[in-house]
Colleague: 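To start, I am sharing the structure in question, which I have written as structure tokens.
Keep in mind the model is a prediction, meaning the values are calculated, not measured.
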Amino acid sequence: MVAERTADTRPRIDEALVRRLIDTQFPQWAGLALKLLDPAGSDHVIYRLGDELSVRLPRHAGAIGQARKEFQWLPRLAPHLPLAIPVPVGVGDPDFGYPWPWAVSCWLDGEVATVDALGNSSRAAVELAQFLAALQRFAPGDMTADNTREDLTGRPLPVRDRATRDAIAEVDGVFDTTTMTELWNAALSTPGWDRSPVWFHGDFHTGNLLTSDGRLSAVIDFGGLGMGDPACDLMIAFTLMSAKSRAVFRDALGVDDATWMRGRGWALATGLNAYTTYAAVNPRVAAQTTRQITQAIIG
């Protein structure tokens, strides 16, 4: 099966293509059962491979660097983090019409975290703060602030200004645009990160947390992994937590006022981006991003 290009230039990925890629490039796993994970994220098509592996294939060009980045860094990060992460075991090459690198990683069992299950949990708030603190402390000997690779360099919040203001105008009548504009202006006027760059997850929201037996067990999808201002990871406080657990999280992580305000800005900007892109066609995304936006406004 050759990957067929759709009208929007994204390759069409089906089980026959994935089977052929696996069997030719990783013959040690040839014949292991494939099962499509649905729904998956917006960046990848994901198949479970046997009982212990997963296959992730980028859907679009914006995600094509993630496989190699995760293959390089996640095995090094894993021993330093208090929650499990999906350690890659191989990177596949483009073939059979599929144009980009793709990854095979260890499978992590668990259920996606939900607000109903963990939103009011102080324990979960502390565990997430501890995870971020450990991530931020990671200091590989061959990486310094002066030689950070381009694919790990975080973008500052102001680069999202035009897109966020356009999104605010687009959702007029759905959300309070005056309040959102006030929050966005406040976030942009807050002093930026003035310390050494630290590691961040980059897409730290409810959908990328797994639970087992009602407790946090894993963090997945490190495609946004990078170094810079850690405020982007504070979006988890607004996608998952109640006001009470959010206060516990902030205290446990020791977040200053300026970083917290930038975190609210990141939550607003990313929430609006997802809402305007997907909410009209995906009720689940509509509900999640509505919560993220409204909780960011509350603070």
Side-chain angles (χ1 to χ4, degrees), residues 73-74 76-86 108 110-140 152 154 157 187 190-271 288 291-292 294-299:
W73 290 106
L74 296 196
R76 301 174 69 179
L77 275 166
H80 302 277
L81 301 176
L83 297 170
I85 63 175
L108 293 173
E111 302 293 330
V112 175
T114 65
V115 173
D116 289 343
L118 295 181
N120 289 314
S121 172
S122 294
R123 181 178 66 188
V126 171
E127 290 174 338
L128 289 169
Q130 291 171 339
F131 177 88
L132 291 180
L135 178 61
Q136 292 169 18
R137 286 194 301 267
F138 178 63
L152 294 174
L157 187 62
T190 299
W193 184 252
D194 58 0
R195 284 161 271 177
S196 296
V198 296
W199 288 80
F200 55 77
H201 178 278
D203 198 18
F204 204 57
H205 61 74
T206 309
N208 287 333
L209 303 179
L210 299 182
T211 65
S212 180
D213 297 325
R215 293 198 60 173
L216 285 167
S217 60
V219 178
I220 61 175
D221 196 350
F222 283 74
L225 180 70
M227 295 181 71
D229 180 2
C232 59
D233 282 345
L234 299 181
M235 74 173 73
I236 191 59
F238 308 100
T239 60
L240 178 66
M241 301 175 194
S242 67
K244 179 181 177 181
S245 60
R246 194 151 58 230
V248 171
F249 168 78
R250 180 178 178 180
D251 182 66
L253 191 55
V255 181
D256 61 79
D257 289 345
T259 304
W260 190 255
M261 178 57 74
R262 293 195 308 278
R264 292 175 64 192
W266 276 104
L268 177 67
T270 57
Q288 290 175 343
R291 185 184 197 279
Q292 180 174 333
T294 55
Q295 292 297 308
I297 291 171
I298 293 170

Colleague: Ignoring hydrogens and geometry, is there a side-chain-to-backbone donor-acceptor pair from T114 to A117 under 3.5 Å?
Modeller: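 It does hold such a pair.
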Colleague: Does the side chain of F204 come within less than 4.5 Å of L234's, by heavy atoms?
Modeller: no
Colleague: Measure the CG-CG distance between D221 and N208 for me, rounded to the nearest 0.5 Å.
Modeller: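 So the gap between those two atoms works out to 4.5 Å.
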Colleague: Measuring from D203:CG to T270:OG1, what's the distance to the nearest 0.5 Å?
Modeller: 8.0 Å
Colleague: Rounded to the nearest 0.5 Å, how far does CD of Q136 lie from CE of M227?
Modeller: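 Nearest 0.5 Å value for the CE-CD distance: 11.0 Å.
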Colleague: Any donor and acceptor pair, going by atom type alone, linking the side chain of T259 with main-chain N or O of D256 inside 3.5 Å?
Modeller: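 Not at all, since once roles are kept as given, no pair shorter than 3.5 Å links the two residues.
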Colleague: A quick test of your reading: do over 12 heavy atoms of other residues, nucleotides or ligands sit less than 6.0 Å from CG of D213?
Modeller: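 12 or below, so no.
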Colleague: Is the backbone of S121 close enough, under 3.5 Å, to the side chain of S245 for a donor and an acceptor to pair up by distance?
Modeller: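 No: the side chain of S245 does not pair with the backbone of S121.
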Colleague: Against H201, only a single residue in I85, L225, L135, I236 fulfils side chain to side chain contact (heavy atoms under 4.5 Å, CB included); can you say which?
Modeller: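 Only match with H201 under side chain to side chain contact (heavy atoms under 4.5 Å, CB included): L135.
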Colleague: Which heavy atom of G265 sits nearest to which heavy atom of A187, and what is that distance?
Modeller: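 Here G265 and A187 meet closest at CA-CB, 3.7 Å.
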Colleague: On a heavy-atom basis, which atom in S212 and which in S217 lie closest, and how many Å separate them?
Modeller: N-OG, 3.7 Å
Colleague: Measuring only between side-chain heavy atoms, which start at C-beta, is L240 closer than 4.5 Å to F249?
Modeller: no
Colleague: Looking at R246 and D251, is any side-chain nitrogen of the basic one under 4.0 Å from a carboxylate oxygen of the acidic one?
Modeller: no
Colleague: With sequence neighbours excluded, tell me which residues meet salt bridge (Lys or Arg N to Asp or Glu O under 4.0 Å) with R250.
Modeller: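 Salt bridge (Lys or Arg N to Asp or Glu O under 4.0 Å) check on R250 returns D257.
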Colleague: Between A267 and A296, what is the shortest heavy-atom contact and its length?
Modeller: CB-CB, 3.9 Å
Colleague: Enter the distance from M241:CE to S122:OG here, rounded to the nearest 0.5 Å.
Modeller: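 One finds 10.0 Å between CE of M241 and OG of S122.
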Colleague: If you define the side chain from C-beta out and look only at heavy atoms, does anything of F138 sit under 4.5 Å from V198?
Modeller: no
Colleague: Is any side-chain heavy atom of D229 less than 4.5 Å from a side-chain heavy atom of F200?
Modeller: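 No, their side chains stay 4.5 Å or more apart.
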Colleague: Say you draw a straight line from CZ of R215 to CG of L210; how long is it, rounded to the nearest 0.5 Å?
Modeller: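 With rounding to 0.5 Å, CZ (R215) is 15.0 Å from CG (L210).
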Colleague: Distance check, rounded to the nearest 0.5 Å: L209 atom CG versus I220 atom CD1?
Modeller: 8.0 Å
Colleague: Quiz question: by atom type and distance under 3.5 Å, do the side chains of T239 and T206 form a donor-acceptor pair?
Modeller: yes
Colleague: So, F238 versus W260, ring centres under 6.0 angstrom or not?
Modeller: yes
Colleague: After noting the C-alpha distance and the side-chain angles of N120 and S242, does the key distance pass the side chain to side chain donor-acceptor pair (under 3.5 Å) rule?
Modeller: CA-CA 6 Å; N120 289 314; S242 67; 3.0 Å; yes
Colleague: Quick one: closest heavy-atom pair of G214 and L118, and the distance?
Modeller: O-CD2, 3.7 Å
Colleague: Does any part of the side chain of F222, heavy atoms only, come nearer than 4.5 Å to the side chain of P86, both counted from C-beta?
Modeller: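 The answer is yes; the side chains approach within 4.5 Å.
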Colleague: Side chain to side chain contact (heavy atoms under 4.5 Å, CB included) with A134: which residues, sequence neighbours excluded?
Modeller: L81, P82, R137
